Amino acid sequence: MSQKKFGLNTICTHIGEVKDEQFKGAVSPMYLSSSYEFLDVDVKRYPRYFNTPNQEHLAKKIAALEHTEMAMIFGSGMAAISTMFLAFLKQGDHLVVQNTLYGGTLNFIKEEFPKYGIDYTFTDGYKVEDFEAAIQSNTTLIHIETPSNPLLTITDIEAIAKLGKSKGIFTSIDNTFASPVNQNPMDMGIDMVMHSATKYFGGHSDILAGAVASSEVHMKRIWNVGKNLGGSLSDMTVWMLERSMKTLGLRVKAQTKNAMKLAKWLEQHPKISRVYYPGLKSHPEHELAKSQMHGFGAMLSFELQNDIDALGFQKKLKLIKSSMSLAGVESTMLSPHLTSHALLSQKERDSVGISNQLIRFSVGIEDVKDLKRDINFAIDKVSY
Ligand SMILES: *Cc1c(COP(=O)(O)O)cnc(C)c1O
């Protein structure tokens, strides 16, 4: 039976298992060797070469989920993205990158690219025209993030892929927020997909990891740089990640369903002035999101009315935790103006629509009625 015929949850459960030939156990054995035989072997294995049994097999699961040929697992999302960037950008090259971007990626570009003589332009917006306008004669890569953080803007993936192809420019996407459960950018012509596996892949807020998936040709190029940068993941964590990913489909679908219900409820809430969620008809790119996503994801943002103390609100929550990260099975919230966007000035934040009343909500798997009650309780406590 071809792997292509398998459904999402079968891929999550079974693809990339390491068979336990010796004892016939039900789960993958964990191979912790950092030293392997070199005589008479087909593959020279070493953890930094991304080719231990656990690494190699789990990569197959990620490739299958992203509908592509190969994948590599990294020690963090940033190890994944930095290796991918440096495989496709050299001195004198130019990167076009979305203005609303994960903070770590933004810092990497601003702090490290000048040292390598790599040029870059942040777009003015998230529309295809904004990317096209930023292209130069030396542009070799376009990088997008959709849905974006924290306002959940949607960029037209297929149009970006077409734009890249028409100009001979590679395209990459940070698919962390959607996860392959809700979005498969390779099917829309994007060249490379990266993930912070710390988020939905891990899903339990206890793993730091990253991944890139692409064609064999592109992955070879990324491998060549990756073995030099040394950002591979320890096999113990690879094993934990495999275990986590068996429930990726179940978790993300449950979280996505909860997010849709909560977004609709929050939109009607008298103490909430605005909700940002691509699944809502009020979202400006709702139709685009519908056409390119299988589900609208489990991240949303909302603005509390001005008479509510946004920090006090988060302190009064009993179930929902305030947390810097996202995508765990537990619901979490944060204030972007104090975390991801703290380094911007008030004026800069205003210009990108990040007010002090804005809360980013990573929806978990809890029962919706309990989450609603938690939110209402906290709002009542801090309303004037
Ligand atoms: C967390 C995150 C990253 C960085 O991943 P790490 O695992 O923290 O290195 C990159 N992109 C997005 C969208 C993220 O949320």
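Note: hydrogens, waters and symmetry copies are ignored here, and every other heavy atom, side chains too, is used. Quick caveat: nothing in here was measured; it's all calculated off a predicted structure. Both counts, for ligands and for their atoms, begin at 1 and track the order of listing.
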What orientation do Phe85 and Phe108 show, parallel under 30°, tilted 30 to 60°, or perpendicular over 60°?
-> parallel

Does Asp130 come within less than 4.0 Å of Lys127, counting only side-chain N to carboxylate O?
-> no

Between ligand 1 and the protein, which N/O pairs fall short of 3.5 Å?
{"from": "ligand 1", "atom 1": "5 (O)", "to": "Ser196", "atom 2": "OG", "distance (Å)": "3.0"}
{"from": "ligand 1", "atom 1": "7 (O)", "to": "Gly77", "atom 2": "N", "distance (Å)": "2.9"}
{"from": "ligand 1", "atom 1": "7 (O)", "to": "Ser196", "atom 2": "OG", "distance (Å)": "2.9"}
{"from": "ligand 1", "atom 1": "7 (O)", "to": "Thr198", "atom 2": "OG1", "distance (Å)": "2.6"}
{"from": "ligand 1", "atom 1": "9 (O)", "to": "Gly77", "atom 2": "N", "distance (Å)": "3.0"}
{"from": "ligand 1", "atom 1": "9 (O)", "to": "Met78", "atom 2": "N", "distance (Å)": "2.8"}
{"from": "ligand 1", "atom 1": "11 (N)", "to": "Asp174", "atom 2": "OD2", "distance (Å)": "2.7"}
{"from": "ligand 1", "atom 1": "15 (O)", "to": "Lys199", "atom 2": "NZ", "distance (Å)": "2.7"}

Could you tell me whether Arg221 sits above the aromatic face of Phe88, with NZ or CZ closer than 6.0 angstrom to the six-membered ring centre and within 45 degrees of the axis?
-> yes

Will you find, in the side chains of Glu66 and Asn175, an N or O donor that is under 3.5 Å from an N or O acceptor?
-> yes

List the atom of Ser33, the atom of Thr52, and the distance in Å for their closest heavy-atom pair.
-> O-CG2, 4.3 Å

Decide, yes or no, whether a salt bridge links Lys90 with Asp93 under the criterion of side-chain N to carboxylate O below 4.0 Å.
-> yes

